[in-house]
Amino acid sequence: VLPQEERTDSQLLIASWDDPEAFTELYRRHAEDILRYFARRTLDPEAAAELTAETFAEAFASRRSYTDKGVNGVAWLYGIARHRLGRFFRSGKIDAAARRRLGMPERELPPEDYERIEDLIDFAPIREALVEALETLSPSQRDAMHLHVIDGLSYEEVADRLRCTQASARQRVSRGLRQVAMILQSRGMELATEVDV
Amino acid sequence: MNSDIRYLQLLEDDLREAAEIERELDAEAAAGAGRGRTGSGPRRLPRRGWNWGTAAAAIVALLVVAGGIGFLTQPKGSQPAAAGGASEPRPVLGIASASHQFGNQPVKRAEGIAPALAGSSPAPTFGATQQGVALDPFDGVGSGSGSAGVRSTVASLAGSQSDLSKIERDGQIGILIPDKTFSKHVAAVSYIATSSGGMVLSSATLNEKTGTFTLRIPASHFEHAMLQLRAMGAVPGAQILYQDSTGQDVTAQFVDLQARLQIVKGTKARLVSLQSKATTTSQILFLGNQIDQVQLQLEQLQGQINYINNQVAESTIKVELREKDAPVTQTANNTVKQPSLGSAWSRSLQGFLRVIGAVIVGLGYLIPLALIALGVWFAVTLVRRRRRAASSTT
């Protein structure tokens with residue numbers, strides 16, 4: 001039997017039927033890529049994190065339905081991710097059914113992760129489109145996003161400029177980004193290329 | 001974990017915990033069942049977040065499908081009653097019983113049926129015992145000459161009529177007839193009415209395909225007429241949708257009215273006699289008023305007796321004819337008579353019971369299919385898992 005590090009994604013998924021640890025190896029390999037996938041499309045660190053959690057929870061719960069038909073196991077994982085993303089854009093909500101089924105908690109995104117996830121987003125290609133989309137936001141959201149996304153200030157600096165707490169600054173940026181992402185998505189604008197799988 | 005993102009690290013811990021729970025559940029299942037599970041069977045984590053909304057939607061969908069199947073599988077003939085919803089409950093009798101009695105006699109031979117059945121037309125007969133029973137309720141009615149009057153009245157009635165029983169008979173029958181035979185069957189219904197000494201009181205037809213007819217038939221020919229009508233539904237291609245006959249015994253009410261009539265007549269005779277002997281104007285006026293009041297009572301009683309005699313003398317039969325390809329429509333007879341909360345409640349209850357019945361019928365169809373599907377799914381899943389297990393070990 002091959003060590004887990006040497007197994008393919010498909011082999012890990014099949015092995016995880018009886019050895020859940022194999023699924024953990026699959027998670028380690030692809031968690032950050034999946035998070036980036038969601039972050040570039042939602043432009044929202046909170047939403048991206050939640051969607052990532054829900055995708056892996058659903059993959060774990062339904063791993064026995066995976067069939068090896070010559071397709072890499074990670075393609076199956078991204079299939080779940082695409083489905084989750086589509087539901088999010090349709091409803092604007094993130095379902096936590098898979099996590100509840102597994103008894104997993106719904107965790108808050110730690111403050112230090114916001115900027116780390118935004119690094120994954122890479123705002124440069126969409127900066128110009130964002131300027132136009134910003135006009136649709138409320139003044140408070142627009143100001144927060146302008147300072148953070150366009151001027152590149154940290155949340156601490158944004159909070160100082162807007163005379164609000166850091167949590168409030170993060171919330172304004174997060175909600176503003178979510179709205180902008182939905183607007184851009186509704187206009188058919190591709191925010192990020194598909195991940196090669 | 002290679003990533004420095006704290007959220008992903010926490011998520012890995014959560015997945016590990018979920019895996020641990022699953023492993024423990026597997027171990028418990030293997031130890032508790034003692035069946036030597038290999039671990040390849042289906043395992044489920046505790047459903048802490050059971051989606052009740054989805055479950056409820058699934059149940060509702062199942063019931064709706066079952067109800068739809070139930071309604072679709074109902075005999076077409078029973079649908080108008082459900083659609084109309086305003087008609088009286090119709091106990092549908094088995095077609096087999098009608099066929100058993102009449103075989104396959106064609107409708108056009110209704111004339112031939114009539115004389116054959118005429119001889120067997122049963123006139124309701126009640127013997128002396130029946131008359132005695134009918135008299136019992138009047139023992140002690142009034143006193144003295146009054147009681148004697150009642151008895152003499154009943155005695156005279158018994159002498160004038162061979163049968164004291166007064167029974168109101170009503171019937172209804174619905175017949176599904178072959179296509180393009182509506183006119184012929186209408187003629188047959190009319191013939192049955194006239195040959196029984198009755199008539200077609202009213203009729204309503206639609207597109208020469210459906211129609212309802214109200215027949216007034218002498219009570220003595222009620223059974224005869226019903227038998228002939230049922231024979232129409234026993235021929236090949238025809239079907240009796242429903243048939244119902246009811247009888248209400250009003251003998252006691254009739255005899256009571258007769259007795260009261262005799263008493264009032266006696267009272268009037270005595271008042272008239274007294275009036276002829278009156279000597280003062282005040283006595284004449286007083287007795288005149290009394291006589292007027294008694295006369296009014298007398299006429300009311302006579303009217304009620306006449307009504308009963310009329311109802312008893314003739315029976316009503318409602319006949320519905322419908323060709324097989326006729327559209328299901330609500331005919332005039334299905335309109336609500338005397339709308340009230342009571343009738344609305346009754347109709348809603350009927351509708352509720354029909355829906356429940358349809359759902360039960362539909363479930364009867366669905367459950368065997370679901371069991372077969374479950375078996376197939378189980379077999380396919382088993383085969384697929386064995387293949388996967390084989391591929392993972394290689």
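Keep in mind it's a predicted model, so treat the numbers as computed, not measured.
- In this structure, B:R23 and A:D19 have side chains that are in contact, with non-hydrogen atoms separated by less than 4.5 Å.
- Residues satisfying the ring-ring contact (aromatic ring centres under 6.0 Å, His included) criterion with B:F182, sequence neighbours excluded, are absent altogether.
- At least one donor-acceptor pair closer than 3.5 Å links the side chain of A:Y27 to the backbone N or O of B:L8.
- Using a 4.5 Å cut-off between heavy atoms, A:E108 contacts chain B through its backbone alone, with no side-chain atom that close.
- Across every non-hydrogen atom of A:F60 and B:E22, the tightest pair is CE2-OE2, 4.1 Å.
- Here the CD atom belonging to A:E21 is positioned 9.5 Å from the CD atom belonging to B:E20, to the nearest 0.5 angstrom.
- When the candidates A:A96, A:P105, A:A98 are compared by the number of heavy-atom contacts under 4.5 Å with chain B, A:P105 comes out ahead.
- Taking each heavy atom of B:Y7 and A:A53 in turn, the nearest pair found is OH-CB, 3.6 Å.
- Only the side chain of A:L35 comes within less than 4.5 Å of a heavy atom of chain B; its backbone N, CA, C and O stay farther away.
- No more than 12 heavy atoms of other residues, nucleotides or ligands sit less than 6.0 Å from atom CZ of A:R161.
- Remark: A:E156 CD is loosely packed, at most 12 non-hydrogen atoms of other residues, nucleotides or ligands lying under 6.0 Å away.
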### Task
Start with the C-alpha gap between B:L11 and A:R107, add the side-chain angles, then the distance that decides, and say whether side chain to side chain contact (heavy atoms under 4.5 Å, CB included) holds.
CA-CA 8 Å; B:L11 184 58; A:R107 296 188 180 278; over 6 Å; no
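- The CD atom of A:E112 sits 10.0 Å away from the CG atom of B:D4 when rounded to the nearest 0.5 Å.
- Atom CZ of A:R142 sits in a crowded spot, with more than 12 heavy atoms from other residues, nucleotides or ligands closer than 6.0 Å.
- Contacts of A:H148 classified as ring-ring contact (aromatic ring centres under 6.0 Å, His included), with partners at least two apart in sequence or in another chain: A:Y155.
- A salt bridge is absent between B:D14 and A:R99: the closest approach of a Lys/Arg side-chain nitrogen to an acidic carboxylate oxygen does not fall below 4.0 angstrom.
- In this structure, no portion of A:E106 lies under 4.5 Å from any heavy atom of chain B.
- Using a 4.5 Å cut-off between heavy atoms, A:L13 makes no contact with chain B at all.
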